[in-house]
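Order of the sequence lines fixes the chain letters, A, B, ..., with proteins taken first and strands second; residue numbering starts at 1 for each chain.
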Amino acid sequence: MDGVETILGADPEAMVSQLLELGRDLCLRLFEGMAGLRAFDDRAVILQRQGRIGTYPTFYGEEAVQTASVVALEERDWLFPTYRQTAVVTLRGCPPLVPLLMWRGHPGGWHDVMRYRVAPVCVPVATNLPHAVGAAWGARLRSADWVALGYAGDGATSAGDFHEACNLAAVTGSPVIFLVNNNQWAISTPLRRQTRVQRLAEKAAAYGMPGLRVDAFDVFACHRVLRRAAELARSGGGPTLVEAVGYRLGPHGTADEPALYRSPAADRLWAPMEPLGRAQLGLVSAGLADAGELAEIRGRASARLLAAAEELERSPRVTLEEIADTVHLSTPWDLSPDHLREPSWAAAGE
Amino acid sequence: MDGVETILGADPEAMVSQLLELGRDLCLRLFEGMAGLRAFDDRAVILQRQGRIGTYPTFYGEEAVQTASVVALEERDWLFPTYRQTAVVTLRGCPPLVPLLMWRGHPGGWHDVMRYRVAPVCVPVATNLPHAVGAAWGARLRSADWVALGYAGDGATSAGDFHEACNLAAVTGSPVIFLVNNNQWAISTPLRRQTRVQRLAEKAAAYGMPGLRVDAFDVFACHRVLRRAAELARSGGGPTLVEAVGYRLGPHGTADEPALYRSPAADRLWAPMEPLGRAQLGLVSAGLADAGELAEIRGRASARLLAAAEELERSPRVTLEEIADTVHLSTPWDLSPDHLREPSWAAAGE
Amino acid sequence: MSEVTAPQATQELNLVEAVDRALGQILEDDPQALLLGEDIGANGGVFRATAGLEARFGPDRVFDTPLGEAGFVGAALGLCLAGLHPVVEIQFDAFSYPAFEQLVSHVGRFRWRTGGHYGLRLVVRVPYGGGTRAPELHSDSPETLFGHVPGLRVVVPSDPVSAGRLLVSAQGCGDPVVFLEPKRIYRRGRSPVPERFGPTELDRAAVVRDGDDLTLVAYGAMVELALAAATRLEAAGCSARVLDLRSLYPLDRESLLAAAEETGRVLVVHEAPRHCGLGAEVAALLQEEVADRLLAPTLRVTGMNMPFPLFQNEDDALPSVERVLAAAQVMLDY
Amino acid sequence: MSEVTAPQATQELNLVEAVDRALGQILEDDPQALLLGEDIGANGGVFRATAGLEARFGPDRVFDTPLGEAGFVGAALGLCLAGLHPVVEIQFDAFSYPAFEQLVSHVGRFRWRTGGHYGLRLVVRVPYGGGTRAPELHSDSPETLFGHVPGLRVVVPSDPVSAGRLLVSAQGCGDPVVFLEPKRIYRRGRSPVPERFGPTELDRAAVVRDGDDLTLVAYGAMVELALAAATRLEAAGCSARVLDLRSLYPLDRESLLAAAEETGRVLVVHEAPRHCGLGAEVAALLQEEVADRLLAPTLRVTGMNMPFPLFQNEDDALPSVERVLAAAQVMLDY
Ligand SMILES: Cc1ncc(C[n+]2csc(CCOP(=O)(O)OP(=O)(O)O)c2C)c(N)n1
Ligand SMILES: Cc1ncc(C[n+]2csc(CCOP(=O)(O)OP(=O)(O)O)c2C)c(N)n1
Ligand SMILES: [Mg+2]
Ligand SMILES: [Mg+2]
């Protein structure tokens, strides 16, 4: 892939030396992160099939970018996920039960935003990006040194909020990373119908910020590139657009039927890029880990998710009255228990 | 100015030869167009001072770009003006009384959109650009050969609708020209606080379309560049972004006080670029016209505007009932005369 | 267009299939019609409301847009100037908000800006409402927002036949229509629909069940609920009329006043938040016009003034037959 | 914060000057507060509501944003996460529409998305309304839109003192507030204001004139009109109360019910379109709660369901004293 930074795709010797440079600890941390995300995704798909959660947008294949985005940043840095990064918060220490509850439509699914410094999951495409700019700009204003990272898809780059966010970030010199997961599809819309510029990193020039491209299936390259962007941001260099070039290996979500709009042949072509297998190959050939060790990591992750899934049914129902009490700091009369469910005429009629 | 196409700013010999190439007819047509716009603007400012129209955004200095945009296009081409191009419709044959009535807050100020192929004046920044894309895309779909031109300011390039319009135009290959009047100010906001990319034409690359820069005070260069963009569009080459590089010679509008935010020194530096005087100098030195002839053109334009201004008070008042009847094809009951002004309870109470 | 009166071959379709068929009919009858939206082409729309249409009419007439609702709703306005008649699909209710400015500041105001001379033949279809176990922001009911701003018609069908006829009529009415499709009942069961949908009056409510003692005013997915409540009321000796509003702006004043005059009690049911919702408008209108004919105050059973909850709690938030019955009882006892 | 009770130096300010002073006080008292908006810095805002503040607090705390209301309202949310307390200026009413999605889909839902734990200390100031001979889309009254969607408080002052106190209180309330400033009365006359604005309860209406026979419910620029109508009514022997709503969401239920119970007649006046406006909500609420105490139907004198006209006709479209008196007469004669 043209101008796309990669480690696992480099010639074997270069790969090994670059992995060794990263070091075993970091490499295993990255692998472990991916294992956690994969276990989450696998389990969520099963739970959806069992009818225990609702429609679910799988992120199978995006584990490398997502893991790198968390590991390359510091705990004080802010993350702004979309519907496709609902599990990144688990890499910040949040129990996987929480995002599973969200997909179960349970209010226990709202994670602790301030504790994990992960914004609430954002559904409308690109609208999380201005939030990321604000959080980053705030660091500049408060002379703090956190950075913010906003996730976007290839489709999201067409939306107005992407543009306004990039421009505002550049003008304010805010330490923000726009991480575009270019999986080449927005539901059924292929990249070539999304925009005429097929290298999305080139869009960065319109805002006067750097644009970097990285192999989305290579967790090590993603880490290196995101780390670079974060360092630039932290040292006052302002925003960067990072395009992770990949492919959506799965359907858009559990309700989607890719057979309607894309060829299984292309899918098959991309399937071997699956990032965990690819990372494992690299780690083993670099002598940084053996297959058994890695299998154990994955096994632990699966077990953890199985346990979370079992807890799912045990989460007590929350009443609508309780939820109504979470909308405002000082709950208005019309959301109080007396007026919410049975409007006051009920009392009046008694 | 760097990479900015110009004719009047070229060395005198080159200028003369290029003007001769354009020919006397076209040159005088361009001058006449500018004279008409200037007369409109001058008169409107006077009317505003007299309290006979409301707040008015003067376009003093933008006559070259605006005139060129009309003359370089054909009558079948669509124009999408903002609040700062309210008089371009007069270059399509609409009496100046009409836009003056608009500024007087009179519904006679709505011009005939389909007759002149000029969209209604658009107030919210950048929101006219998607309309231009649609009109152009429609030509492609109907195998018609009109193009569409949407006006924008430098400030407008920061808005989401600019982005969505450019992207959609490029994806659909629509024959549209985005004409960015870069006057370096958005009310009090200077370009450097608007975006980090100071050559706005560079933003075109983000959409995979060409970007051209032209001297905004040079009606001849503007004509040539816009003609080129129109030809490209008409021949199936898709959209172009044209940046007219200039300066807002006047205030943002009659309610604006530039002294609060910009230095009179910079203003003085730009003042000599005033496009009518500059065009006159060129025409006279190329021997294409003499000063008397040009003065006569301007005199006729002024007289026409004076007459229009006199008509202003004679436009009969339109009633709210009549206006209410223009909102829908089939007027709903609540907008009918019986229910509009005196809601039906008035009748009920009688 | 004239009413279709001849007997026709019928077929059983559900609501979303009826929408699909109506769209096919529009594309067939009107060479200037075209469809735009996200994933409406090969994919047939996320609800399959445009299934098969791209294959039948080609990708230029069933156009998959890039993302950006403001951009493509704005472009639809421009397409109208070019003489085309776009029908836009917004993928889900809450994704109409990015297009809000284009709808309010331009689409609704276009005819007025031409002194009444030129209108936009533009339909914006929006699957809306709760009850489908969907993720956040996929269950909103934005009808009040579009009804409150001037120049837009707001139309909501409640069954396959009304969906087809209202959609065809909306597309032919010469003015922009926000066409809200109650996605909860997209697949609620099939009814016989005619081969071709004839036009119908756009701003008329329909009495879908007659009654004397009380009128339940509803629209969209709430009509079914109102009918269920009416059956229960009948068992309890109360004869309830069900009025399907269909047009949320303009309101069918005559049918509403007739309901108030003939039944004396009017109860409004909707999913949207209560504050300034349609229920408020109906209650206020009846006050203004026929307060002296009302035997009981006009009550409302509506969504709450809070975000539509994640789906574990959606049944708590949606109007229920029980809530309707309780309100009806208060009115009957008044 | 505690009520300011000590006697203070006062000064005569008009409404927009009071806003300016309140913003200065906010910036002084709250080191995390900052202002964002178009042209609010050196230019002091197109209405001069921020005049002098950039000079006093620097361009980082009084920040001129690039264009793009969605972008900077969204960024304001992010600034809140960073611990800051932004006060955003939208230049004119209709330019709130590009920010509509950010306000509805994010700002209003933020606390709810954190299980109630974290709120946004975010105020969005919007000069709104007609009567200023302004160009198109500079005279809208969007309050219904913001009141109908969940999670936003909507507050409207009606005089210099309420403007200052409500703005200071809005900024301190811990939740997002859409603060609508009636630009028509920005310079309507000066009143003595205290040197510092003390806080006030955000969701309380104010009885700005007492009376027994009828209540005129109004807000913003309409309060003045209601007071003028009340004076005329008094001359005709009718004692009219004027209730300044101030909070459009939540409504002050108690004051409204008290007005209905104590005066028996409630008339609502607003500039926004009638359909699903605040008048409808008040009428419906009173029906539900105190129908039996009403001596006359709740009538509405409002803007029309059409675009706010170009300014030659704005006085025809705005509520007038005459229209209020006519409605009041109907109610008194009922
Ligand atoms: C404003 C908005 N419009 C429409 C949608 C519906 N929708 C959900 S995902 C999606 C495609 C997004 O594609 P992309 O940005 O490439 O992200 P990906 O799903 O591939 O991760 C669409 C259109 C939405 N969420 N938000
Ligand atoms: C969406 C929107 N926000 C704010 C405004 C208020 N406003 C009017 S003109 C203007 C500046 C526009 O600057 P630019 O695009 O450079 O055009 P210019 O006025 O210089 O021609 C602003 C902010 C508006 N018209 N629309
Ligand atoms: Mg994608
Ligand atoms: Mg400008």
Original post:
Any idea which of D325(A), N167(A), D161(A) has the most non-hydrogen atom pairs under 4.5 angstrom with chain D?
Top reply: D161(A)
Subject >> Exam field: side chain R142(A) to backbone A82(D), donor-acceptor pair closer than 3.5 Å >> reply: yes
Original post:
More than 12 heavy atoms of other residues, nucleotides or ligands under 6.0 Å from CZ of R76(A): is that the case?
Top reply: yes
Subject >> Where G138(A) and L84(D) come nearest, the two heavy atoms and their spacing >> reply: CA-CD1, 3.6 Å
Original post:
Shortest non-hydrogen contact from L251(D) to W333(A)?
Top reply: O-NE1, 2.8 Å
Original post:
Considering residues, nucleotides and ligands other than R293(D), do more than 12 of their heavy atoms fall under 6.0 Å from its CZ?
Top reply: no
Original post:
So what's closer than 4.5 Å to chain A heavy atoms on A70(D): side chain, backbone, both or neither?
Top reply: both
Original post:
Highest number of heavy-atom pairs under 4.5 Å with chain D: which of V133(A), L329(A), V123(A)?
Top reply: L329(A)
Original post:
Under a 4.5 Å heavy-atom cut-off, does chain A meet the side chain of Q32(D), its backbone, both or neither?
Top reply: side chain
Original post:
By a 4.5 Å heavy-atom criterion (distance strictly below it), what part of S330(A) contacts chain D: side chain, backbone, both, or neither?
Top reply: both
**OP:** Could you tell me which portion of L335(A) (side chain, backbone, both or neither) has an atom closer than 4.5 angstrom to a non-hydrogen atom of chain D?
**Re:** side chain
**OP:** Kindly indicate, with the supporting measurements, whether the criterion side chain to side chain contact (heavy atoms under 4.5 Å, CB included) is fulfilled by F63(D) and L141(A).
**Re:** CA-CA 11 Å; F63(D) 188 87; L141(A) 292 173; over 6 Å; no
Subject >> Part of E69(D) within contact of chain A (heavy atom distance under 4.5 Å) >> reply: backbone
Subject >> Heavy-atom closest pair, residues R113(D) and P120(A) >> reply: CD-CB, 3.7 Å
**OP:** Just do the side chain to side chain contact (heavy atoms under 4.5 Å, CB included) check on D334(A) and Y249(D) with the steps written out, would you?
**Re:** CA-CA 10 Å; D334(A) 50 314; Y249(D) 182 83; 2.8 Å; yes
Subject >> E254(D), CD atom: more than 12 neighbouring heavy atoms under 6.0 Å >> reply: no
**OP:** Could you check H117(D) against M114(A) for side chain to side chain contact (heavy atoms under 4.5 Å, CB included), going step by step and ending with a plain yes or no?
**Re:** CA-CA 9 Å; H117(D) 290 303; M114(A) 298 309 286; over 6 Å; no
Original post:
At a heavy-atom separation under 4.5 Å, does D175(D) approach chain A through its side chain, its backbone, both, or neither?
Top reply: side chain
Subject >> Heavy-atom donor-acceptor pair, W112(D) side chain to I323(A) backbone, under 3.5 Å >> reply: no
Original post:
Which atoms form the tightest heavy-atom contact between V327(A) and G151(D), and what is the distance?
Top reply: CG1-CA, 3.9 Å
Subject >> Structural part of L34(D) lying under 4.5 Å from a heavy atom of chain A >> reply: side chain
Subject >> Q102(D) (side chain) donor-acceptor with T127(A) (main chain) under 3.5 angstrom >> reply: yes
Original post:
Between L79(D), T114(D), V290(D), which has the largest tally of heavy atom pairs under 4.5 Å with chain A?
Top reply: L79(D)
Original post:
Rounded to the nearest 0.5 Å, what separation is found between the CG atom of L152(D) and the NE2 atom of H328(A)?
Top reply: 8.0 Å
Subject >> From NE2 (H339(A)) to CD (E289(D)), nearest 0.5 Å >> reply: 6.5 Å
**OP:** Please state whether the side chain, the backbone, both or neither of V171(A) comes within less than 4.5 Å of a heavy atom of chain D.
**Re:** side chain
Original post:
Which distance, rounded to the nearest 0.5 Å, do you find between the CH2 of W137(A) and the CG of L36(D)?
Top reply: 4.5 Å
**OP:** Give the member of V318(A), T331(A), D112(A), T172(A) that has the highest number of heavy-atom pairs under 4.5 Å with chain D.
**Re:** D112(A)
Subject >> Interface moiety of L77(D) toward chain A, non-hydrogen atoms closer than 4.5 Å >> reply: side chain
Original post:
Above 12 or not: heavy atoms from other molecules or residues under 6.0 Å from CD of E75(A)?
Top reply: no
Original post:
Can you tell me how far CZ of R140(A) sits from CG of D60(D), rounded to the nearest 0.5 angstrom?
Top reply: 5.0 Å
**OP:** Write down the atom of P66(D), the atom of L168(A), and the distance for their closest heavy-atom approach.
**Re:** CD-CD1, 3.4 Å
**OP:** Quick one: closest heavy-atom pair of A119(A) and L81(D), and the distance?
**Re:** CB-CD1, 4.5 Å
